[in-house]
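Report on the structure given below.
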Amino acid sequence: MAYINVSGTGSMYPTFPRGKSETLESKEKEVVATPRMIRYPNGFSFNGKEYFRSQLAKGDLVSFYSGDKALIKRILGVPGDIIEIRNGLVYINDEPQKEPYTSLPHSTFGGDFAPECKKIQVPENSYFVLGDNRKESNDSRFDVGFVNEKSIDTFLPLEFQKGIWDKNWRDTSKDLENSTKIKLGVSAFVKDINQLREKSGKPNLTYKAELEHSATLRAENIFITGLFDEKAEGAISTAEAFRKAGYWRPVYGEIPVQGYFSSDELFNYLAEFDTTKDFILDKDFTEIGLAVVEDSLNNCPTQLIVIHFSGYVPPNYDKDTIDSWNNLLKKLKEIKPGWEEAKNYDQFYEKNKRDIDKVISIINDRIDALEPIVAKMKQNEWLSETELKYLDLDASLGDEQENLANKLNDL
């Protein structure tokens with residue numbers, strides 16, 4: 001027998017408690033339980049036969065090394081089993097599993113190694129293992145993959161867990177019903193986000209219906225295209241979703257999450273990793289909205305949660321940029337009367353009417369476009385997408401104007 005230290009990462013919650021430390025690194029060092037487990041393999045060999053050797057089974061807890069990390073997980077699949085993750089459930093040999101040791105029903109989602117709605121078979125001398133807290137566990141769904149029997153050093157049979165470690169397990173009588181699918185409490189989730197932001201000295205986020213609309217558009221597009229990458233061909237970008245929702249902010253961002261989450265689970269999932277935690281703590285974000293949409297993704301039933309963030313910051317144009325466009329506007333206004341005066345030279349105008357009218361038209365168009373742009377720059381306001389596109393176009397209009405002017409001046 002051996003006492004195994006369980007860290008406080010929460011990957012085996014609720015069987016073992018979560019740590020109380022603030023960071024993931026400190027939680028990894030925090031010991032929250034020390035179950036007494038059986039060394040594996042046990043028994044003995046004689047004349048090529050094994051005696052009194054225990055067989056590992058579904059539901060057993062096992063400790064093993066994955067790379068340089070010591071892990072403790074639960075066996076879900078033994079050699080020969082066919083595993084499939086679908087609709088938040090684990091299927092073994094096409095039978096949905098009721099798992100009392102998971103934190104919530106319908107809480108299992110796929111990963112890179114074991115994608116959702118894809119059947120995989122457990123090879124010989126290997127096991128498919130999962131953490132009880134499916135939202136916060138690195139296990140056989142991800143880079144842990146199948147666990148070779150030789151890497152397992154201790155185990156705790158399922159029957160030995162009862163009466164000791166099962167005090168927080170659930171009633172699973174309704175686990176296979178759709179009514180038990182986890183519902184996200186949006187208000188509670190936003191409250192958790194704002195409490196975290198307050199602790200970090202960041203402004204609270206205001207919930208915006210427009211962002212819920214844009215998030216819904218993105219979720220629907222992901223279901224249609226199967227594409228999470230907003231830059232992929234056929235995908236609607238976050239910026240496009242904002243436009244379709246009739247909303248605009250200079251600062252915006254998105255977090256898409258697949259699976260069924262409670263508000264606590266989603267918050268813990270996002271706050272656990274530095275990249276997503278830093279994202280939701282961005283000081284420039286002041287608004288939030290999210291969509292929860294259930295459908296089929298690549299012919300696999302699932303749920304998408306798309307979270308949109310936005311905020312406003314002033315553009316802070318530099319003085320040289322403002323002066324450059326302002327001087328151009330002044331110059332156009334100065335030369336405009338001279339070209340309009342050319343209309344008074346009847347013979348010259350009649351002979352070159354098309355080119356003169358074109359030069360005057362270009363000058364007028366440039367003045368009309370640049371006046372509101374320069375005014376916004378001086379007031380330090382953001383330019384619209386149309387205005388930004390115009391700035392890219394103005395250089396070609398200037399070249400056309402100059403070429404026509406040179407042609408007429410050479411006559």
Side-chain angles (χ1 to χ4, degrees), residues 1-42 54 56-76 99-104 107-109 111 127-170 192 195-196 199-200 261-262 264-278:
M1 305 291 283
Y3 286 97
I4 302 299
N5 290 334
V6 179
S7 68
T9 60
S11 69
M12 291 302 295
Y13 177 84
T15 301
F16 302 125
R18 299 175 185 274
K20 296 181 180 180
S21 303
E22 289 292 326
T23 66
L24 179 60
E25 291 75 14
S26 57
K27 286 178 181 178
E28 288 177 342
K29 297 175 182 177
E30 183 180 352
V31 176
V32 295
T34 53
R36 191 182 184 194
M37 299 177 67
I38 303 169
R39 295 198 181 276
Y40 188 85
N42 55 5
S54 300
L56 299 177
K58 176 183 171 294
D60 292 354
L61 296 178
V62 291
S63 65
F64 59 95
Y65 271 89
S66 177
D68 60 351
K69 287 208 170 195
L71 301 177
I72 182 168
K73 303 294 175 184
R74 188 178 301 277
I75 292 177
L76 263 290
E99 302 183 80
Y101 37 74
T102 56
S103 54
L104 289 170
S107 60
T108 307
F109 55 91
Y127 295 89
F128 185 86
V129 301
L130 296 176
D132 289 351
N133 185 2
R134 304 290 159 79
K135 305 295 174 48
E136 300 177 53
S137 173
N138 180 22
D139 46 42
S140 288
R141 296 168 296 170
F142 306 104
D143 54 2
V144 170
F146 294 122
V147 175
N148 190 284
E149 183 177 18
K150 292 181 179 179
S151 67
I152 296 172
D153 47 32
T154 69
F155 76 109
L156 184 62
L158 180 61
E159 60 268 24
F160 289 8
Q161 300 165 38
K162 296 175 181 177
I164 303 175
W165 300 107
D166 63 347
K167 57 183 180 297
N168 293 321
W169 291 6
R170 301 180 298 102
D192 287 341
Q195 286 179 344
L196 179 64
K199 288 181 181 178
S200 302
F261 288 78
S262 68
D264 286 344
E265 284 184 325
L266 184 58
F267 173 76
N268 290 331
Y269 180 68
L270 297 179
E272 179 181 1
F273 304 103
D274 289 340
T275 51
T276 46
K277 183 177 181 180
D278 291 345

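Exactly one of R74, R18, R170 qualifies for a salt bridge (charged side-chain N to carboxylate O under 4.0 Å, His left out) with D132. That residue is R74.
Distance alone, capped at 3.5 Å, is enough to place a donor-acceptor pair between the E30 side chain and the S21 backbone. Looking only at distances, a side-chain donor or acceptor of S140 sits under 3.5 Å from a matching main-chain atom of G145. N168 places no side-chain N or O within 3.5 Å of a backbone atom of T15 that could act as its donor or acceptor partner. Under the 3.5 Å distance criterion, the side-chain polar atoms of S11 are left unmatched by any main-chain donor or acceptor of S137. Panel note: side chain N133, backbone G10; a donor-acceptor pair is recorded below 3.5 Å.
Nearest heavy atoms, M37 versus I4: SD-CG1, 3.6 Å.
Distance OG/S200 to CG/D278: 9.5 Å, rounded to 0.5 Å. One finds the CZ atom of F16 at 5.5 Å from the CG atom of L61 (value rounded to the nearest 0.5 Å). With rounding to the nearest 0.5 angstrom, the CG atom of N138 is 6.5 Å from the OG atom of S66.
Between P35 and V6 the shortest side-chain heavy-atom distance falls below 4.5 Å. Side-chain contact check for Y40 versus V62: every heavy-atom pair is 4.5 Å or farther apart. Looking at R141 and T108, their side chains come closer than 4.5 Å, going by heavy atoms from C-beta outward. Side-chain atoms of V147 and K73, non-hydrogen and from C-beta on, never get closer than 4.5 Å to each other. Using a 4.5 Å cut-off on side-chain heavy atoms (C-beta onward), V144 and F64 make contact.
Salt bridge annotation for E99-R134: present, with a cationic side-chain nitrogen under 4.0 angstrom from a carboxylate oxygen. Between E28 and K69 there is a salt bridge, with a side-chain nitrogen of the basic residue lying less than 4.0 Å from a carboxylate oxygen of the acidic one.
Heavy atoms from other residues, nucleotides or ligands lying under 6.0 Å from CZ of F261 number more than 12. Annotation for Y65: atom OH does not count as buried by contact number, only 12 or fewer foreign heavy atoms lying within 6.0 Å.
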